[in-house]
K.L.:
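Okay, here's the structure, questions in a sec.
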Amino acid sequence: MQTPALPDLAHTAAKPMHWLATAAAMAGVVALAGLLQPRTATATATASEQRTTAQHAPAPAPDPAGVEFPLECGGAGTTVAKKASGDLDGDGRPETVAVVHCAAGSGTPPGGIYVLTRGSGAAPRVVATLVDPADRKTVGDFAVRDGVISATLLGYSSLDVPRCCPDQEEQASWRWKGQAFVRTSGDLARSV
């Protein structure tokens, strides 16, 4: 065995006292750092900054809960089956799109797709009917993405088809253009 040319260094053969001293020194450094931290910064907005923030806070999307929908349900009431929100007309305020049908006890009642908006401080109101329940369609998949409303519409090829079991399917989508919602795509009705 060859002996090293250098003498043993102190840190290569640490004793328990060395580790105890190191731990005590580290605890002291941590405690001192805790005492020397800067005071917590506080900031308050000026009145004009608060007004600016309040003016640019996003408005909530209209809630369809209290809206009168143009549906004839014979006293049965309405059911909001689905809803989604998004800025459909690019004005910076969200609209809500609601799929609504009569509150039927059974079967598959036809539904409508309605667009709701809210003026400044006003109650939500229906501004567009995209699918009228008179068309006797039910709504399957439904979404609002990037200003486009899309839906799968289910229907019936004849009055002989039971109302529980639609036998036609149609893909439809709408986008705001100018002053109205325009149907931008849709497959022709096909059998399911």
Side-chain angles (χ1 to χ4, degrees), residues 53-192:
T53 302
Q55 290 171 353
H56 296 301
D63 184 4
V67 174
E68 290 286 328
F69 292 97
L71 264 136
E72 296 296 326
C73 295
T78 59
T79 299
V80 177
K82 302 172 185 179
K83 66 180 181 176
S85 298
D87 183 7
L88 301 173
D89 58 3
D91 67 354
R93 294 184 309 224
E95 287 77 31
T96 297
V97 182
V99 176
V100 184
H101 60 77
C102 291
S106 63
T108 310
I113 299 178
Y114 303 98
V115 179
L116 309 174
T117 192
R118 175 194 337 257
S120 57
R125 62 187 173 87
V126 175
V127 293
T129 300
L130 304 179
V131 173
D132 190 328
D135 296 338
R136 298 179 186 236
K137 303 280 186 184
T138 56
V139 181
D141 293 333
F142 164 75
V144 173
R145 285 190 202 95
D146 300 324
V148 176
I149 304 159
S150 59
T152 301
L153 305 176
L154 305 172
Y156 306 93
S157 59
S158 73
L159 292 175
D160 295 332
V161 177
R163 298 296 108 179
C164 67
C165 311
D167 65 340
Q168 291 186 326
E169 179 180 300
E170 181 180 1
Q171 301 300 318
S173 61
W174 297 264
R175 180 182 290 277
W176 180 258
K177 291 195 179 184
Q179 300 295 317
F181 286 96
V182 176
R183 191 166 174 166
T184 55
S185 69
D187 295 339
L188 295 175
R190 63 179 185 268
S191 295
V192 182

K.L.:
Leu154 and side chain to side chain contact (heavy atoms under 4.5 Å, CB included): which single residue from Thr138, Asp167, Val139 fits?
P.N.:
Thr138
K.L.:
Can you name the closest pair of heavy atoms from Ala128 and Phe181 and give their distance?
P.N.:
CB-CD1, 3.8 Å
K.L.:
Which atoms form the tightest heavy-atom contact between Leu159 and Arg136, and what is the distance?
P.N.:
CD2-NH1, 4.3 Å
K.L.:
Which heavy atom in His101 sits nearest to a heavy atom in Pro109, and how many Å separate them?
P.N.:
ND1-CG, 3.4 Å
K.L.:
Is the shortest heavy-atom distance from the side chain of Val97 to the side chain of Lys83 under 4.5 Å?
P.N.:
no
K.L.:
Would you check, one step at a time, whether the test side chain to side chain contact (heavy atoms under 4.5 Å, CB included) holds for Phe69 with Leu116?
P.N.:
CA-CA 10 Å; Phe69 292 97; Leu116 309 174; 3.9 Å; yes
K.L.:
Could you check whether any side-chain N or O of Trp174 sits under 3.5 Å from a backbone N or O of Trp176, counting only pairs where one atom can act as donor and the other as acceptor?
P.N.:
no
K.L.:
Which residues pass the side chain to side chain donor-acceptor pair (under 3.5 Å) test with Thr152, not counting sequence neighbours?
P.N.:
Gln171
K.L.:
Do Val67 and Tyr114 have side chains that approach each other closer than 4.5 Å (heavy atoms only, starting at C-beta)?
P.N.:
no
K.L.:
How about Ile113 and Leu153: do any of their side-chain heavy atoms sit closer than 4.5 Å?
P.N.:
yes
K.L.:
How far apart are the closest heavy atoms of Val115 and Glu95, and which atoms are they?
P.N.:
CG1-CB, 4.3 Å
K.L.:
Could you give the side-chain donor-acceptor pairs of residues 140-150 under 3.5 Å, partners two or more places apart or in another chain?
P.N.:
none

K.L.:
Quick one: does Arg175's side chain have a donor or acceptor within less than 3.5 Å of a partner on Val182's backbone?
P.N.:
no
K.L.:
Using the side chain to side chain contact (heavy atoms under 4.5 Å, CB included) definition, which of the options Val80, Val126, Val100, Thr78 pairs with Pro64?
P.N.:
Val80
K.L.:
Measure the spacing between CG of Leu71 and OG1 of Thr129 and express it to the nearest 0.5 Å.
P.N.:
8.5 Å
K.L.:
Please check if the side chain of Thr96 supplies one atom and the backbone of Pro62 the other of a donor-acceptor pair under 3.5 Å.
P.N.:
yes
K.L.:
Can you name the closest pair of heavy atoms from Pro94 and Pro60 and give their distance?
P.N.:
CG-C, 4.0 Å
